[in-house]
Amino acid sequence: MSEIERDKLSLQELKGFLGDHMTVKESMKYYFLLPGRDLVNGLLFLHDDGGCMKVSDYITEGGVGEIYVEYNGEEEEQGEIDSGSDFEDELDELMNIGSEEEPDAVITAEDCSAEVNDNVNATEQTGTAGEIIEHIFVPDVGGAITQVINSPLKQNVRVDYPTQSSQVLNVSQPCQAAQDISSSVAKVAENGSDSEDSEDYEYVPHTDDSGEESEVVEMRKHARKFRKKMGDFKMWADADATGAVPIDLVANVEEVVEDMEFESSDEDYSYDEDEDGNMVRRKSQFVRFNPDSDIPHFSLGMVFKSKKQLTRAMKRYGLATKRSISFLKSEEARVRAKCDWPGCPWMLYAAKTSRCSRFQIITFEDEHQCAQNRDNKLVTTKVIAKRYEHFILANPLWKIDSMKAIVMKDMFVDVSISKCKAAKKLVLDQLMSGMKSEYNKVFDYQLELLRSNPGSTVAVCLDPKEKEENIFQQFYVCFNAMKQGFKAGCRKVIGLDGCFFKGACQGELLAAIGRDANNQMYPVAWAVVEKETNESWAWFIGLLIKDLDINDQGAGWVFISDKQKGLINSMRDYLPKVEHRMCARHIYANWRKKHKDHQLQKRFWAIAKSANREDFNYNKAKLAQLTPEGAKDIMKTDPKHWARAFFPKGANCESGDNNPCESFNNAIIEARFHPIISQQEKIRKKLMVRVQEQKTKSEKWNGIICPNIFKKIKANIKRTQFLEVLWNGKDGFEVKHLNSRGRRYTVNLEKWTCSCGSFQLAGLPCCHAICAIYKSGRKVEDFIDKCYYIDTFKKKYEHCLQPVEGEESWPMSQNPRPVAPGYIAMPGARKKNNDRKREEGEAPKGKKLSKHGIQITCGSCGGQGHNKTSCKKKGDNAKKRKSYLGKRGRKVRETE
């Protein structure tokens, strides 16, 4: 009913509606199932518009009506109809079960429905003594079967009917029929019947249709009943209209009414049901368009589902064949398209016709006498945006020139730069709109993370300056699994760094990265902030101190970062006792801007990696010989932040760089292109997979020491071939280098120390200590700190991240919905103007001299030194605009 207007409901409208879903035949019969009724007693035969209006009365606005369609196939030569369905066969068997049974009687009692109902009630009361009964269906005033009269079988009582088949009496004589049937039924009730016969009636025999539902079997059984009835249609049509109408023929009355005309609703895309219940596509008279083909193919007479499908197919054809197709006429019922190349005869005309309810190609000239067109108007901004959307989203920094070249190569179209810019803007605007919608769900995402990973820390902050607008500002995440894994065995070494977002998103991501037993990155926490400032770093470090339980103002902890001022200030305020190292790579990058000689690079790293003061001073002197100014500049940053010789001992970390943070920033580079929630989900998934992979990988490791640490040990063992060791017989060892400058160091294995400084700085035996270990006959593994053991590595990765539900299952937060922040000016120097200045005496380019140095004149007031855009008297002198031009014109006329 939702598809048909209530006031226009008619039998023809109903057929037209059904024609959209199936093939409508003139021999089909339509029934409406009354709400709350069964198929046995609630079918309303729809033979005219009056019955359809009753359907409207039963169905509420927006309701759905159940329409049953009966189709018995086409009439054969001998008058015997076979629809190919078992339904008629089953009903036919029911009609002929035993020669002694009379068929059911169905009566329409429009003028005396009350009298019939009374008889039915009396019959139902008297027929409950265990008789063998059969059902007599009684339609109501509207023709619907609403009453069932139980009548005994033939052997107990005989009911005389005007014909051998069950009867439907005409409304002109309904009372007499009702009285005859009710009186017969009353006699049967007095006689009674055996209980055994009643039990046999309830028995359901075995059927060969095993595996099918009983309802399906029953429907097939009833369907066979209609086969032999179809032969009586013409005989009934010629009979007197006032006579009794057999109920068998009422359902098929439209089949033989030849004078009535109905609209054809042939559907080229309909489906039939085979004997097994499978849907089989019906063969069409016309060729159907195949939308799955790479290059659309057209032919004369081809039909399309809609005009939209046709126009899309022609556009795809033009893009695939690299030809420009223009639509000369595009109306609701017809479309005409032609090739844009002058003189090309290719043309297609399609429209809706009376032969088919769909769009059909009526005129088609499939010959092209043209070349591929580089000026294809079908390549619009939307086409470019749709085709290269995944490229733009994957690389929002894709250059316009490169994009223009790719479009030319793929689509053979010389598009303009403005069109490429518009296509890229279209995709990025869509990404931006998605980003803004994701900011509204930040609090819901926070609740889901806390629910799925209990013990985690997830903080969301809004801009305090704009409290009423609820502008998003910061987002902090520290999963409980990573927190517990870090505390399980990670060294107290944390790397801090920030990275910019990519693409249309603006902001920065701050990260705190630890180091596992294999010297690989171990992400601990990260946060989304507007940019790196004193306030954002102070907020991030404050939450990190709480999650990692950093006490005593950071004593015994090592933090490695770059020289960001906000970070340095926060470390000084919150963690004054922490060992703050600065990445030596950043120190060198800044130093190299002034000292670019490549030979100086090795000298710098020799200084930075010197593990004792003597070697530090020696390498610094070597650098001073090459560049005294460079030796001074290198000391502008306190060496305690970047030189190993000044690092405190006991942290088991000799690294002076922040490589784990750089590795993390590179690992999440794809996520940095996405908005807030998508970005956090990609980071979480990547981290979840990494924990699982590291855990699985460690199960295959052999030995005691992690692989990367073992590589370092093997490198130190290899260096021992150039060392000479002397042992005092107890704990003292003297190790001398046989090459280079003959350096000499002392080793104490009991204290795990070496005068070179590397042993106690890294917690790993240096080459000098390994010589002493071999000299004393001990094992190298016994002098390696347990933080490098495989068991310690496994303890860290025993804590796994828990899975997170989909967005539709997230809990709803009661907090206000945040909105996306506006434009944020990222820190950094502005781009310089690289335009070259002309040398003295150099002639200007072009044929027109520049206006540089000329005093401008206002076009509004005529004043000097400003133009009309910046004129303060613009409103007062609007009428005098360009008045000096008029004066000049008058002078000319006076001369003439």
Side-chain angles (χ1 to χ4, degrees), residues 489-493 515 517-519 555-558 577-579 581 605-620 639-640 642-656 703-706 708-793:
C490 280
R491 290 162 284 174
K492 294 182 179 181
V493 179
R515 297 172 185 246
N518 201 30
N519 258 354
W557 285 76
V558 176
K577 295 183 180 181
V578 78
E579 180 188 348
R581 301 180 187 177
W605 287 111
I607 296 173
K609 295 183 178 181
S610 298
N612 55 82
R613 302 291 179 90
E614 293 76 13
D615 291 343
F616 177 84
N617 293 329
Y618 174 81
N619 291 312
K620 180 184 174 184
K640 71 176 184 180
W642 55 274
R644 293 181 182 179
F646 298 89
F647 291 167
K649 308 302 186 292
N652 292 331
C653 180
E654 61 178 356
S655 177
I704 301 175
I705 310 302
C706 292
N708 289 345
I709 307 303
F710 187 60
K711 289 180 182 179
K712 287 187 175 184
I713 297 297
K714 289 194 295 183
N716 289 337
I717 293 175
K718 188 175 182 180
R719 294 190 187 101
T720 59
Q721 61 179 328
F722 305 107
L723 300 178
E724 183 182 47
V725 59
L726 298 176
W727 182 27
N728 64 358
K730 197 173 182 181
D731 299 323
F733 297 85
E734 182 180 312
V735 183
K736 180 183 178 181
H737 285 261
L738 299 180
N739 56 358
S740 186
R741 56 192 174 97
R743 292 168 294 174
R744 186 179 299 173
Y745 301 98
T746 59
V747 178
N748 190 321
L749 294 181
E750 293 296 328
K751 297 181 179 180
W752 286 29
T753 60
C754 179
S755 58
C756 74
S758 296
F759 193 2
Q760 53 271 35
L761 186 63
L764 293 173
C766 58
C767 58
H768 315 108
I770 293 177
C771 270
I773 293 171
Y774 284 156
K775 186 69 175 181
S776 60
R778 303 182 187 181
K779 295 181 180 180
V780 177
E781 310 80 76
D782 297 337
F783 295 89
I784 298 177
D785 194 277
K786 292 184 179 180
C787 66
Y788 299 110
Y789 282 13
I790 294 178
D791 292 339
T792 305
F793 183 91

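In plain terms, the two heavy atoms of Phe616 and Ala643 that are nearest each other are CE1-CB, 3.8 Å. Pairing each heavy atom of Ile705 with each of Phe710, the nearest pair is CG2-N, 4.0 Å. Between Gly763 and Asn652 the shortest heavy-atom distance is CA-OD1, 3.5 Å. Closest approach of Gly703 to Ile790, counting heavy atoms only: O-CD1, 3.6 Å. The minimum heavy-atom distance linking Asn619 with Ser610 is given by the pair ND2-OG, 2.8 Å. For the residue pair Thr720 and Cys767, the shortest heavy atom distance occurs at CG2-O, 3.5 Å.
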Would you give me the side-chain donor-acceptor pairs under 3.5 Å for residues 749-762, sequence neighbours excluded?
from	atom 1	to	atom 2	distance (Å)
Ser755	OG	Thr746	N	2.9
Gln760	OE1	Cys754	N	3.0
Gln760	NE2	Cys754	O	3.0

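When atom types are taken as modelled, the side chain of Arg491 and the backbone of Cys653 share no donor-acceptor pair closer than 3.5 angstrom. Without hydrogens or angle criteria, Asn518 side chain to Phe793 main chain gives no donor-acceptor distance under 3.5 Å. At least one donor-acceptor pair under 3.5 Å links the side chain of Thr792 to the backbone N or O of Lys786.
Of the options Asn716, Asp782, Val747, Ile713, a side chain to side chain contact (heavy atoms under 4.5 Å, CB included) to Pro765 is made by Ile713 and by none of the others.
Distance check: Ile773 CD1 to Arg778 CZ gives 8.5 Å after rounding to the nearest 0.5 Å. Between atom CD of residue Glu579 and atom CZ of residue Phe647 there is a gap of 6.5 Å, rounded to the nearest 0.5 Å. Atoms CD1 and NZ, from Ile709 and Lys711 in turn, are 10.5 Å apart once rounded to the nearest 0.5 Å.
A donor-acceptor pair shorter than 3.5 Å cannot be found between the side chains of Asn519 and Asn708.
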| message | Under the criterion side-chain contact (heavy atoms from CB on, under 4.5 Å), I'd like the reasoning laid out for Arg613 against Phe646: C-alpha separation, chi angles, the key distance, then a yes or no. | response | CA-CA 8 Å; Arg613 302 291 179 90; Phe646 298 89; 3.4 Å; yes
| Verdict with reasoning, Trp727 to Ser776, per side-chain contact (heavy atoms from CB on, under 4.5 Å) | CA-CA 8 Å; Trp727 182 27; Ser776 60; 4.2 Å; yes
| request: Could you go through the side-chain contact (heavy atoms from CB on, under 4.5 Å) check for Glu724 and Val735 one step at a time? | output: CA-CA 6 Å; Glu724 183 182 47; Val735 183; over 6 Å; no
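Ring geometry, Tyr745 versus His768: the interplanar angle falls from 30° to 60°, so the pair is classed tilted.
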